[in-house]
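Below, chain A is the first sequence line, B the second, and so on; all start at residue 1.
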There are 2 protein chains.
Amino acid sequence: MNDLYDVINRRRDTRSEFTGQPVDQDALERVLAAAHCAPSVGMSQPWDFVLVRSPQTLAAFRAHVAREREVFAGSLEGERAETFARIKVEGIVESGLGVVVGYDPSRGGSHVLGRHAIADAGLYSVVCAIQNLWLAATAEGLGVGWVSFYREEFLRELVGFPARVRPVAWLCVGAVGHLPEVPDLERFGWRHRSPLAEVLHEERYQPRV
Amino acid sequence: MNDLYDVINRRRDTRSEFTGQPVDQDALERVLAAAHCAPSVGMSQPWDFVLVRSPQTLAAFRAHVAREREVFAGSLEGERAETFARIKVEGIVESGLGVVVGYDPSRGGSHVLGRHAIADAGLYSVVCAIQNLWLAATAEGLGVGWVSFYREEFLRELVGFPARVRPVAWLCVGAVGHLPEVPDLERFGWRHRSPLAEVLHEERYQPRV
């Protein structure tokens, strides 16, 4: 029994906590089933999940991410550069499992109900699946780290997505010793969480002063 | 106590089940706090939530959605047109509350950690917040209906988002008598859910035959 609010509060983006222990197969199936149970525009279920465990593929992706980390680091100066240098951005090899999530806009027939006015609605469905996956993994005691230091074209080729399938995420999924109480970016002084009141508006958007 | 998996399975896109009873304020605050607790790229928390209850605004949005429904209906023929005619696509007025969700890419400072290579990573964060909101509302016994029959420019002007803020969703949130066990689109014969195995791949993407 895992209380929803408790899971939502415990969920963390995991980088350093992976133990390398294999993920229990039944737990992984429950996590993937939770993702597949997400809402989708016109019930198109436009996601794909590629489970990557090959050490060669994990290492190739990690090398690519390391290069992209350098690209971002090169854009920073002073305190930002120093703070970023302390932050780990991925646990690709340590987690032992990458779940690559793709968006296939051809799923759901030629007329997807609810997508004619908003082309990105299909993409939104895929992210709903990712969030379900993340929460279910948290409930199972697994860590998830969403890596976004990569170029989509590199990842598409790495896992063999056809041209129409857009890579949306690389998720490191694995056993963890614990989940940090404070998010890494806060702990290392990159950013702090804001109060809810700052993003709430009544009836109409009110610019903040 | 709401078990995560139970909530994930009970969650439905709600159209016809709203009772019009007012939403409990404490429950709404828990639901919005759950949304605000979502992961976000570089901890940018790039979402805004506008709570719309004004009958005039609800009616104006419903009229716009009705026109967009006709646009989509006009693209259909034969069985698809007949099936779609039976499907309700929104509960904007009946729910009594619209939560308009926006994406503000200016949030999070000039260098958002994790967004340099994937511009849409901020948009993904907003959708994670929506899915948290949806699950929390389900746990609170509330219905949520994600309406996507609208033009973004219309909604931006309706709630006064500045040009940089992108409307991502109109969510009808309200008290419901019950949540349907079978999704509407399945019940009315629009689409059926697929088995998980169809979207799972090992190591590399495998085209389905």
Would you compute the distance between atom [atom1] of [X] and atom [atom2] of [Y] and round it to the nearest 0.5 angstrom?
X        : Y        : atom1 : atom2 : answer
A/Arg191 : B/Leu113 : CZ    : CG    : 10.5 Å
B/Asn132 : A/Asn132 : CG    : CG    : 9.5 Å
B/Leu4   : A/Asp6   : CG    : CG    : 10.5 Å

Selection residues 66-75 of chain B - residue pairs positive for side-chain hydrogen bond (donor to acceptor under 3.5 Å, both in side chains), sequence neighbours left out: A/His116-B/Glu68, B/Glu68-B/Arg151

Do [X] and [Y] have side chains that get closer than 4.5 Å, going by heavy atoms?
X        : Y        : answer
A/Tyr5   : B/Arg30  : yes
A/Asp13  : B/Pro39  : no
B/Phe72  : A/Arg115 : no
A/His36  : B/Ser194 : yes
A/Asp3   : B/Asp3   : no
A/Ile118 : B/Phe149 : no
B/Arg166 : A/Asp120 : yes
A/Leu32  : B/Leu200 : yes

Which portion of B/Glu152 sits near chain A, non-hydrogen atoms under 4.5 angstrom: side chain

Proximal component of B/Val101, with respect to chain A [non-hydrogen, under 4.5 Å]: neither

Looking at [options], which makes the most heavy-atom pairs under 4.5 Å with chain B?
options                                : result
A/Arg107, A/Glu202, A/His111           : A/His111
A/Val168, A/Val147, A/Val100, A/Asp184 : A/Val168
A/Ser125, A/Pro195, A/Ser40            : A/Pro195
A/Val126, A/Leu123, A/Thr57, A/Thr138  : A/Leu123

Is [X] in contact with chain B via its backbone, its side chain, both, or neither, using a 4.5 Å heavy-atom distance?
X        : value
A/Arg12  : neither
A/Asp104 : side chain
A/Ile130 : neither
A/Arg11  : side chain
A/Val165 : side chain
A/Val41  : side chain
A/Val65  : neither
A/Arg80  : neither
A/Gln206 : neither

Best-contacting candidate, B/Gly109, B/Ala33, B/Gly42, B/Ala139, against chain A by heavy atom pairs under 4.5 angstrom: B/Gly42

Option in B/Glu140, B/Glu29, B/Glu198 with maximal non-hydrogen atom pairs under 4.5 Å from chain A: B/Glu140

Side-chain donor or acceptor of B/Arg204 paired with backbone N/O of A/Leu158 under 3.5 Å: yes

Flag if over 12 foreign heavy atoms under 6.0 Å of CD, B/Gln25: yes

Neighbour count >12 (heavy atoms, 6.0 Å) for atom CD, B/Glu79: yes

Parallel, tilted or perpendicular, as decided by the 30° and 60° cut-offs, for the rings of A/Trp146 and B/Tyr124: parallel

Counterpart residues, ring-ring contact (aromatic ring centres under 6.0 Å, His included), relative to B/Phe161 (two or more places apart): A/Tyr205

Determine all donor-acceptor pairs shorter than 3.5 Å in which one atom belongs to a side chain in residues 84-91 of chain B; sequence neighbours excluded.
{"unit_1": "B/Lys88", "atom_1": "NZ", "unit_2": "B/Glu90", "atom_2": "O", "d": "3.0"}
{"unit_1": "B/Lys88", "atom_1": "NZ", "unit_2": "B/Glu94", "atom_2": "OE2", "d": "2.7"}
{"unit_1": "B/Glu90", "atom_1": "OE1", "unit_2": "B/Ile92", "atom_2": "N", "d": "2.8"}

Give me the atom names and distance for the closest heavy-atom approach of [X] to [Y].
X        : Y        : value
A/Cys128 : B/Val127 : SG-CG1, 3.7 Å
A/Cys37  : B/Asn9   : SG-OD1, 3.4 Å
B/Ser148 : A/Ala117 : O-CB, 4.3 Å

Residue-level interface, residues 45-55 of chain A with chain B, non-hydrogen cut-off under 4.5 Å: A/Gln45, A/Trp47, A/Asp48, A/Phe49, A/Val50, A/Leu51, A/Val52, A/Arg53, A/Ser54

